Amino acid sequence: MHLIEKQNLKNYNTFGMEVVTKSFLQVDSAEEVPYIIENYLQRHPYYLLGGGSNTLFTKDFDGIIVHPAFSGIGLVGQRGGEAVVRVAAGEQWDNLVQYCIRREYYGLENLTGIPGLVGSAPVQNIGAYGVELKDTLLKVEGYRISTGEAFELTRDECQFGYRNSIFKQKLKNDCFITYVWFRLSCIRHFTMTYQGLSKVLEERELPLTLRNVSECVRTIRDTKLPNPAVVGNGGSFFKNPVVTAERYEALVSAFPDLVAYDAPDGKKKLSAGQLIEKAGWKGRRVGNAGTWENQALVLVNYGGATPDEVLHVADSIVDDVNRLFNIVLEMEINRI
Ligand code: EPU
């Protein structure tokens, strides 16, 4: 492990917020986690930080930022048309996706290009282009911070929902995830429910292969989403709101072009990006913060934005969307 005092977190959050943490603890192996829990995390305020791609730091942190820096992808076994892999928390998510594509394991290709680390992926059940992490996750290994005990949670026990899991609810901030297990298919199959994806493949006249799907996903992401290495951002800032069927009918009679997807229990999931655009916020900038010109759901740091500037834009969006649609947007990003 490495412990650093007074660390600037600018390079540890894709939003590029310049805040300072009292201590920064880099964890170099899963074996040292019990020691770290007992000697540091049970004694001080802490925050578990993966790739920092889903966190908005709003002020200096008076505690320990804990960052897993151990990586590696282990093939546990391959039989019966399935492969099981065990992946360390500090592995880059996209490395895992590329590993699966090289070995012809099906299931993660639509999740190409998502920034962040594997250990954080179960927390918000990352998802894109018709696929969610929960579709291939087998189990999660780690330690409870309050007790120091090792745990293993199966997929069902993780209670996954839309950008949600037990790690954001009952066990919030109490789990140091060390390894994530995936069950992938060795048998050719694709999820092509996202219309934009099949469209790009057709336009390019590309055959349906793992590599082509992955590259088309990357193309779509590049056109819609700002590259965090160039323009600071944390991906979707808000969740897509889920409303009852009756509420949807009322809204669509006022706004006939409203985009909606079926959600569990007969409900409808609206597009927060469209609501924000209709509220006049697409590509709008206030000071150094604003929304992305190609995707209003992504708030961006145009350079040197302070947390207050980002929060001002976020609050204004929530107010304007609420005024127009009577819907209160919920943050997707973790605000610290
Ligand atoms: N839309 C607009 N205006 C906008 C943005 C979107 O009208 O400014 C419309 C689009 O035209 C489209 C619909 O909204 O009809 C949905 O847009 P898009 O397909 O871009 O996806 P999204 O619902 O905005 C979600 C995820 C993304 C994920 C994409 C693709 C959430 C909060 N976001 O965005 O995930 O990549 O679907 O599957 O669910 C993330 O979580 O950080 C993230 C980027």
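The chain is numbered in sequence order, starting from 1. Atoms within each ligand, like the ligands themselves, are counted from 1 in listed order. Keep in mind that this is a model prediction, so the values were computed, not measured.
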Next on the checklist: Could you tell me if Tyr47 and Thr55 have a donor-acceptor pair between their side chains, going purely by distance under 3.5 Å?
Outcome noted: yes

Next on the checklist: Is atom 26 (C) of ligand 1 near the protein, in the sense that some protein heavy atom lies at less than 4.0 Å from it?
Outcome noted: yes

Checklist entry - Is His67 reaching over with its side chain to a backbone N or O of Gly50, donor-acceptor style, under 3.5 angstrom? => result yes

Next on the checklist: Could you identify the single nearest non-hydrogen protein atom to atom 6 (C) of ligand 1 and state the distance to 0.1 Å?
Outcome noted: Gln295 OE1, 3.7 Å

Next on the checklist: If you take the centroid of each ring, where Trp contributes its six-membered ring, are Phe182 and Tyr105 closer together than 6.0 Å?
Outcome noted: no

Next on the checklist: If I apply the N/O under 3.5 Å rule, does Lys239 come out as touching ligand 1?
Outcome noted: no

Checklist entry - Do you see a protein non-hydrogen atom under 4.0 Å from atom 37 (O) of ligand 1? => result no

Next on the checklist: So does Leu297 get a backbone contact from the side chain of Gln295, meaning a donor-acceptor N/O pair under 3.5 Å?
Outcome noted: yes

Item to check | Ring-face cation contact, Tyr162 with Lys269, 6.0 Å cut, 45° max | outcome: yes

Item to check | Closest to atom 9 (C) of ligand 1 among Ser236, Ser271, Gly130 (heavy-atom distance) | outcome: Ser271

Item to check | Proximity flag Phe237 to ligand 1, non-hydrogen atoms under 4.0 Å | outcome: no

Checklist entry - Of all the heavy atoms in Phe238, does at least one lie under 4.0 Å from an atom in ligand 1? => result yes

Next on the checklist: For atom 3 (N) of ligand 1, what is the closest protein heavy atom, and at what distance to 0.1 Å?
Outcome noted: Glu277 OE1, 2.6 Å

Next on the checklist: Return the closest protein heavy atom for atom 30 (C) of ligand 1 as residue, atom name and distance.
Outcome noted: Tyr129 CE2, 3.4 Å

Checklist entry - Which atoms of ligand 1 are found less than 4.0 Å from any heavy atom of Tyr261? => result 13 (C), 16 (C)

Item to check | Per-atom contacts, ligand 1 versus Gly235 - under 4.0 Å to a heavy atom | outcome: 42 (O)

Checklist entry - atom 39 (O) of ligand 1: which protein heavy atom is closest, and how many Å away? => result Tyr162 OH, 2.7 Å

Checklist entry - Can you check whether Gly63's main-chain N or O pairs, donor with acceptor, with His44's side chain at less than 3.5 Å? => result no

Item to check | Winner among Gly273, Gly283, Pro115 once heavy atoms are compared against atom 4 (C) of ligand 1 | outcome: Gly273

Checklist entry - With a cut-off of under 6.0 Å to the ring centre and 45° to the axis, is Arg144 in cation-pi contact with Phe151? => result no

Item to check | Distance from atom 23 (O) of ligand 1 to nearest protein heavy atom, with residue and atom | outcome: Asn240 ND2, 2.8 Å

Checklist entry - Would Val97 end up clustered with Leu206 when hydrophobic side chains under 4.5 Å apart are linked, directly or stepwise? => result yes

Checklist entry - Taking non-hydrogen atoms only, is Lys224 closer than 4.0 angstrom to ligand 1 via side chain, backbone, both or neither? => result side chain

Next on the checklist: Distance alone, cut at 3.5 Å: any donor-acceptor contact between the side chains of Trp292 and Asn233?
Outcome noted: no

Checklist entry - Do side-chain atoms of Asn110 reach the backbone of Tyr129 as a donor and acceptor pair under 3.5 angstrom? => result yes

Item to check | Which residue and heavy atom of the protein sit nearest atom 19 (O) of ligand 1, plus the separation | outcome: Tyr194 OH, 2.5 Å

Item to check | Residues, nucleotides or ligands: over 12 heavy atoms within 6.0 Å of Lys239 NZ | outcome: yes

Next on the checklist: For the backbone of Arg163 and the side chain of Gln124, can you confirm whether one donor and one acceptor N or O come within less than 3.5 Å of each other?
Outcome noted: no

Next on the checklist: Quick check on contacts: which atoms of ligand 1 are under 4.0 angstrom from a heavy atom of Ala128?
Outcome noted: 36 (O), 38 (O)

Item to check | Distance from atom 8 (O) of ligand 1 to nearest protein heavy atom, with residue and atom | outcome: Ala296 N, 2.8 Å

Item to check | Any non-hydrogen protein atom less than 4.0 Å away from atom 11 (O) of ligand 1 | outcome: no

Checklist entry - When you measure from atom 15 (O) of ligand 1 to each heavy atom in Val259, Val298, Val131, Ile276, which option holds the nearest one? => result Val259

Next on the checklist: Is any side-chain heavy atom of Tyr99 closer than 4.5 Å to one of Leu108?
Outcome noted: no

Checklist entry - Can a non-hydrogen atom of Arg163 be found less than 4.0 Å from any atom of ligand 1? => result yes

